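Nothing here was measured: the structure is a model prediction, and the numbers come from that model.
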Amino acid sequence: MALAITDATFDEVVLQSDKPVLVDFWAAWCGPCRMVGPVIDEIATEYDGKAVIGKVDVDANQEFAAKYGVRNIPTVLIFQNGEVVGRQVGVAPKDTYTKAIDALL
């Protein structure tokens with residue numbers, strides 16, 4: 001399962017990570033988000049120990065969604081060393097996300 005990331009934990013979990021981080025910005029009412037969610041959870045299992053995989057519920061945690069210009073959901077951001085190095089807006093195949101992580105490993 002992907003980590004539940006909040007505004008309170010974002011800095012520590014995402015920006016200070018020494019591993020690549022994939023963050024799925026989503027909301028419970030969003031149909032496409034529900035399609036992406038299980039894929040993100042699969043990736044979290046596959047990359048356990050190699051990368052940090054998490055989800056931010058934008059309804060409950062708006063600070064970092066706003067900071068990174070997340071206007072449409074789902075939006076998946078890839079971070080390395082605290083910087084955004086990749087962005088995928090909308091639903092994408094699993095390998096779109098895994099290739100982005102693999103490029104950083």
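- Judged as a ring-ring contact (aromatic ring centres under 6.0 Å, His included), not a single pair has a partner in residues 85-105 (not counting sequence neighbours).
- In terms of heavy-atom proximity, Val39 sits nearest to Met35 at CG2-O, 4.0 Å.
- Follow the hydrophobic side-chain contacts under 4.5 Å out from Val85 and you reach Ile40 in the same cluster.
- Between the OG1 atom in Thr9 and the CD atom in Gln16 there is a gap of 11.0 Å [rounded to 0.5 Å].
- Listed by chain and number, the residues in a ring-ring contact (aromatic ring centres under 6.0 Å, His included) with Tyr47 amount to none (sequence neighbours excluded).
- Between atom CD1 of residue Ile101 and atom CD1 of residue Ile43 there is a gap of 5.5 Å, rounded to the nearest 0.5 Å.
- In the hydrophobic clustering, where aliphatic and aromatic side chains (Ile, Leu, Val, Met, Phe, Trp, Tyr) are joined below 4.5 Å either directly or transitively, Phe79 groups with Leu3, Ile5, Phe10, Val13, Val14, Leu15, Val21, Val23, Phe25, Trp29, Val52, Val56, Val58, Phe64, Tyr68, Val70, Ile73, Leu77, Val84.
- The OG1 atom of Thr6 sits 5.5 Å away from the CG atom of Asn61 when rounded to the nearest 0.5 Å.
- Across all their heavy atoms, Pro38 and Arg34 have their closest contact at CD-O, 3.1 Å.
- Here the CG-CG distance, from Asp57 to Asp24, works out to 10.0 Å after rounding to the nearest 0.5 Å.
- With rounding to the nearest 0.5 angstrom, the CG atom of Leu105 is 10.5 Å from the NZ atom of Lys19.
- A pairwise comparison of heavy atoms in Cys33 and Pro74 identifies SG-N, 3.6 Å as the closest pair.
- For the atom pair CG of Leu104 and CD of Gln80, the computed distance is 4.5 Å after rounding to the nearest 0.5 Å.
- The stretch residues 47-56 participates, sequence neighbours left out, in these salt bridge (charged side-chain N to carboxylate O under 4.0 Å, His left out) pairs: Asp41-Lys55.
- Listed by chain and number, the residues in a salt bridge (charged side-chain N to carboxylate O under 4.0 Å, His left out) with Asp7 amount to none (sequence neighbours excluded).
- Counting only residues at least two apart or on different chains, the salt bridge (charged side-chain N to carboxylate O under 4.0 Å, His left out) pairs with a member in residues 86-95 are Glu42-Lys94, Glu46-Lys94, Asp95-Lys99.
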